[in-house]
Colleague: 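Submitted below is the structure of interest, expressed as structure tokens.
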Amino acid sequence: MKKVTIILIAGGTASGKTTVAHRLANEILKDKSVTHISMDNYYKDFSELTFDERKKINFDHPNSVDVEMLTNDLTALLDYQPIKVPIYDFKTSARTEEFITYKPSDVVILDGIFTLAIKDIRKFGDIKIFIKTEDDLRFIRRLQRDMIERDRTIESVIHQYLTEVKPMHDTFIGSSIEYADLIVPYKEGNEVAIDLVATKISSLLS
Ligand SMILES: Nc1ncnc2c1ncn2[C@@H]1O[C@H](COP(=O)(O)OP(=O)(O)O)[C@@H](O)[C@H]1O
Ligand SMILES: O=c1ccn([C@@H]2O[C@H](COP(=O)(O)O)[C@@H](O)[C@H]2O)c(=O)[nH]1
């Protein structure tokens, strides 16, 4: 039986993880059996808390992730079993009541800030990628994205960035680059790195 290949894509907030994962899954590897999963859907379920209480949670600390659910799901995918994942809502900081079902596939791409920082997740990676984007670019992208897509104010983005995002990045996420097989400097896109990953996957699948 063929082994499922798991690609982990890490990097700071707004570094371009989702963009790279999406390109790999939907363009470069579109003829292969590929599933792209976001680690964002594995934040713990804090729905019993009020919205104001949830706003105080530090979502940049690894403890905010439901590692047990994620490891169970990755184990199921390695066994070619389907998984059902709750969809997360960044506007309310809570899981929605909707689920997405992922069918078994030969390649699984998991992207998220903690994919290389959390040992129990990192150990699943066959190919470990870190997207390295300068901090100021990431902050600008995050500010735009959070205000447009996540219902945040400029003040809340700046406050969260200075009190949680940056200190946790400096403590946990930035240093996880040491576990990467490939570091991708993603500014205007990096075709060579993306082609290298595609070639490696093709060789693993053949
Ligand atoms: N190479 C790039 N150049 C310019 N903008 C980019 C680039 N990559 C991503 N973005 C933009 O930055 C924001 C964050 O990208 P995303 O891929 O969602 O990052 P992440 O998943 O790391 O948080 C998005 O609005 C996206 O369109
Ligand atoms: O309820 C939440 C959950 C997470 N966040 C922030 O999201 C980023 C991680 O997502 P990226 O797409 O990689 O940026 C993390 O830095 C958290 O601060 C949130 O704001 N609210």
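Numbering of ligands and ligand atoms starts at 1, following listing order.
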Colleague: Hey, does Gly11 sit under 4.0 Å from ligand 1 if you only count heavy atoms?
Modeller: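 Per 4.0 Å heavy-atom rule, Gly11 does not contact ligand 1.
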Colleague: Take a 6.0 Å sphere around NZ of Lys166 and say whether it holds more than 12 heavy atoms from other residues, nucleotides or ligands.
Modeller: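 Open.
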Colleague: Counting both backbone and side chain atoms, is some N or O of Thr13 under 3.5 Å from an N or O of ligand 1?
Modeller: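 It does not: no N or O of Thr13 is found under 3.5 Å from an N or O of ligand 1.
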Colleague: Salt bridge (charged side-chain N to carboxylate O under 4.0 Å, His left out): which pairs involve residues 155-165, sequence neighbours left out?
Modeller: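 As it turns out, there is no salt bridge (charged side-chain N to carboxylate O under 4.0 Å, His left out) pair with a partner in residues 155-165 once direct neighbours are skipped.
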Colleague: Which one of Arg141, Arg23, Lys17, Arg145 has a non-hydrogen atom at the shortest distance from atom 7 (C) of ligand 1?
Modeller: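 Shortest heavy-atom distance from atom 7 (C) of ligand 1: Arg141.
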Colleague: Holding to ring-ring contact (aromatic ring centres under 6.0 Å, His included), I want the full list of residues that pass it with Phe99, two or more places apart in sequence or in another chain.
Modeller: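 Checked Phe99 against ring-ring contact (aromatic ring centres under 6.0 Å, His included); zero matches.
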Colleague: For ligand 2, list the protein residues that place a heavy atom within a distance below 4.0 Å of one of its atoms, sorted by chain and number.
Modeller: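 Residues near ligand 2: Thr13, Ala14, Lys17, Asp40, Tyr43, Phe59, Asp60, Tyr88, Phe90, Ser93, Ile113, Arg142, Arg145, Arg150, Arg152, Gln160, Val165.
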Colleague: Is the count of non-hydrogen atoms from other residues, nucleotides or ligands lying under 6.0 Å from Glu48 atom CD greater than 12?
Modeller: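 Enclosed.
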Colleague: For Thr19 and ligand 1, does the shortest N/O to N/O distance drop below 3.5 Å?
Modeller: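 Looking only at distances, the answer is yes, because the N/O contact criterion of under 3.5 Å is met.
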Colleague: Does anything in residues 154-182 form a ring pair (Phe, Tyr, Trp, His ring centres under 6.0 Å)? List the pairs, not counting sequence neighbours.
Modeller: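 Ring pair (Phe, Tyr, Trp, His ring centres under 6.0 Å) check on residues 154-182 returns His61-Phe172, Phe139-Tyr161.
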Colleague: Kindly determine whether Tyr88 and Asp45 satisfy side-chain hydrogen bond (donor to acceptor under 3.5 Å, both in side chains), including the steps that lead there.
Modeller: CA-CA 9 Å; Tyr88 192 77; Asp45 187 14; over 6 Å; no
Colleague: Is atom CD of Gln81 surrounded by more than 12 heavy atoms (other residues, nucleotides or ligands) closer than 6.0 Å?
Modeller: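 Enclosed.
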Colleague: side-chain hydrogen bond (donor to acceptor under 3.5 Å, both in side chains) for Tyr102 and Asp73? Distances and angles first, verdict last.
Modeller: CA-CA 10 Å; Tyr102 293 100; Asp73 281 357; over 6 Å; no
Colleague: Is there a nitrogen or oxygen of Asp111 sitting under 3.5 Å from a nitrogen or oxygen of ligand 1?
Modeller: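 No; every N/O pair is 3.5 Å or more apart.
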